[in-house]
Amino acid sequence: MSQNQKKIGRETAIRQGKPIELLNLIFYPIKMSHYEQFLDAKNALTLRLGSLPVKYQAKDFINAIWSLEIDSVRQSQKKVGILERVFRFLAMSLRIDFDVKQIFDWITLTQNSNGDTAIEAIKVTQDGKVVSISPIDFSAQIRPLIAKQNGLELPDEEANIELVNAEKELQELKAKGCRNLNINTSDLIASVAYNSHVSEREIDDWTIREFENRYKAIDRDKKYKLYGQAELSGMVSFKNGNPYLSWAYDTIDDTMGTLSTQALGEQLGGVTAKN
């Protein structure tokens, strides 16, 4: 089987919510019955190494966050908790138990001449089989797989961090002046269930990727209709064109970080009344 066929086969399995075998382990898409745990752990898995101090950026993902945890404990006696959440995400993907009190049973450490420690391997037990994962294999193979299985996008470490920060700044500017939302999991699930014409209980058996895709589809469809109707009415226009061109596909935004902070603020007037 060619590499292209393998890639297509994996993409199909991900879309269908099927488990995938990799490095002698079986990885499963996380289901909505673990949604709260998923939300707590996902930001750790998608952490941008470029956002950390330079001393960590040359390390692989696992050892970067390990060093961050060690330094935090040394300096403030407090752990950051990123490594714990990454391991929790991994455990959910393998459908095995994880107890933070046993975190050192999961790792094999090595020490360099300076006395600094690094993780040499991650040890997990699935179906009675012990498998050792190298930090490089986790970074290069496992992390991208479990992210994709669960509808997450890993950051592009090659992206200019200043442009990324500018995009965040734009989002913060857009949020200013808005009333706060009572964001909670129960209302989100109820809303997706209502718009999907299914019961909330049924959603528990969905994969998180399926749920997130359904949420995005509902949101995209509603905005497509709303913006389309507004444009057709002739009462409003959009400075950069209708941002929701299709009910089926997202519009590509290639403007990230290309404007000054002042210009970003001006974009808040994106919808203007016609004279």
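Atoms considered below: every heavy atom in the structure, side chains included; atoms not considered: hydrogens, waters and symmetry mates.
Considering CD1 of Ile122 and OG1 of Thr108, their distance stands at 9.5 Å, rounded to 0.5 Å. Within the model, atoms CD1 of Ile62 and CD1 of Ile119 stand 6.0 Å from one another, a figure rounded to the nearest 0.5 Å. Asp204 contributes atom CG, which lies 6.5 Å from atom CD1 of Ile189 (distance to the nearest 0.5 angstrom). Separating the CD atom in Glu11 from the CZ atom in Arg15 is a distance of 9.5 Å, to the nearest 0.5 Å. Separating the CG atom in Leu68 from the CG atom in Leu49 is a distance of 10.0 Å, to the nearest 0.5 Å. Here the CD atom belonging to Gln5 is positioned 11.5 Å from the OG1 atom belonging to Thr12, to the nearest 0.5 angstrom.
Aromatic ring pairs are classed by plane angle as parallel below 30°, tilted from 30° to 60° and perpendicular above 60°; the pair Phe104 and Trp66 is perpendicular.
Residues Val130 and Val124 form no side-chain contact, since every pair of their non-hydrogen atoms from C-beta on lies 4.5 Å or further apart. Looking only at side-chain heavy atoms (C-beta outward), Leu109 and Glu120 stay at 4.5 Å or farther from each other. In this structure the side chain of Ile30 never reaches within 4.5 angstrom of the side chain of Thr207, judged on heavy atoms. Annotation: side chain of Val100 is in contact with side chain of Arg88 (closest heavy-atom distance under 4.5 Å). Annotation: side chain of Thr251 is not in contact with side chain of Ser246 (no heavy-atom distance under 4.5 Å). Contact of the Leu25 side chain with the Leu94 side chain is registered, since non-hydrogen atoms from C-beta on lie closer than 4.5 Å. Between Ile20 and Tyr28, every side-chain heavy-atom pair lies at or beyond the 4.5 Å cut-off. A 4.5 Å side-chain heavy-atom check between Ile70 and Lys79 finds every atom pair outside the cut-off.
Asn150 contributes a side-chain N or O that, together with a main-chain N or O of Ile146, makes up a donor-acceptor pair within less than 3.5 Å. Of the possible donor and acceptor atoms, one in the side chain of Asn184 sits under 3.5 Å from a partner among the backbone N and O of Asp187. The backbone N or O of Ile82 lies less than 3.5 Å from a partner atom in the side chain of Glu69, making a donor-acceptor pair. Distance alone, capped at 3.5 Å, places no donor-acceptor pair between the Gln149 side chain and the Ile14 backbone. Side-chain N or O atoms of Arg48 include one that pairs as donor or acceptor with a backbone N or O of Asp156 at under 3.5 Å. Side-chain atoms of Gln111 do not come within 3.5 Å of backbone N or O of Ala118 as any donor-acceptor pair. In this structure a side-chain-to-backbone donor-acceptor pair under 3.5 Å is missing from Ser76 to Val73. Under a 3.5 Å cut-off, the side chain of Ser196 and the backbone N or O of Val198 do not form any donor-acceptor pair. In this structure a side-chain-to-backbone donor-acceptor pair under 3.5 Å is missing from Gln102 to Asp99.
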Determine, step by step, whether Leu90 and Trp106 satisfy the side chain to side chain contact (heavy atoms under 4.5 Å, CB included) criterion, reporting the C-alpha distance in whole Å, the side-chain angles of both residues, the deciding distance to 0.1 Å, and the verdict. CA-CA 11 Å; Leu90 175 60; Trp106 274 52; 3.9 Å; yes
Would Leu145 and Arg10 count as a side chain to side chain contact (heavy atoms under 4.5 Å, CB included) if you check the C-alpha gap in whole Å, the side-chain angles of each, and the deciding distance to 0.1 Å? CA-CA 9 Å; Leu145 172 62; Arg10 176 172 289 188; 4.2 Å; yes
Leu188 and Phe211: CA distance, side-chain angles, deciding distance, side chain to side chain contact (heavy atoms under 4.5 Å, CB included) verdict: CA-CA 10 Å; Leu188 177 61; Phe211 178 83; 3.9 Å; yes
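The nearest pair of heavy atoms linking Leu22 to Phe27 is O-CE1, 3.5 Å. Between Met32 and Ile203, the closest heavy-atom pair is CB-O, 3.1 Å. Here the closest heavy-atom approach between residue Lys31 and residue Asp205 is recorded as NZ-OD1, 2.8 Å. Here the shortest heavy-atom pairing between Asn112 and Asn114 reads OD1-N, 2.9 Å. Of all the heavy atoms in Trp206 and Glu202, the pair that sits closest is CD1-O, 3.5 Å. Scanning all heavy atoms of the two residues, the minimum distance from Pro29 to Lys18 falls at CD-O, 4.0 Å.
More than 12 heavy atoms of other residues, nucleotides or ligands lie within 6.0 Å of CZ in Phe98, so this atom counts as buried by the packing criterion. At most 12 non-hydrogen atoms from other residues, nucleotides or ligands lie less than 6.0 angstrom from CD of Glu153.
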Acceptor/donor pairs from residues 33-44 side chains to any protein atom, 3.5 angstrom cut, sequence neighbours excluded:
| residue | atom | partner | partner atom | Å |
| --- | --- | --- | --- | --- |
| Tyr35 | OH | Glu212 | OE2 | 2.9 |

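Tyr224 has its ring centre no less than 6.0 Å from the ring centre of Tyr244.
Side-chain contact annotation: Tyr56 with Asp71, donor-acceptor N/O pair under 3.5 Å present.
Leu23 and Val131 fall within a single hydrophobic cluster, where Ile, Leu, Val, Met, Phe, Trp and Tyr are joined by side-chain heavy atoms under 4.5 Å apart, directly or via other members. Under a hydrophobic-cluster definition in which Ile, Leu, Val, Met, Phe, Trp and Tyr are linked whenever side-chain heavy atoms come within less than 4.5 Å, directly or via other members, Ile107 and Ile96 are assigned to the same cluster.
Evaluation of the side chain to side chain donor-acceptor pair (under 3.5 Å) test over residues 133-147, restricted to residues two or more places apart or in two chains, returns Ser134-Asp137, Asp137-Gln141. Note on residues 123-132: no pairs pass side chain to side chain donor-acceptor pair (under 3.5 Å), not counting sequence neighbours.
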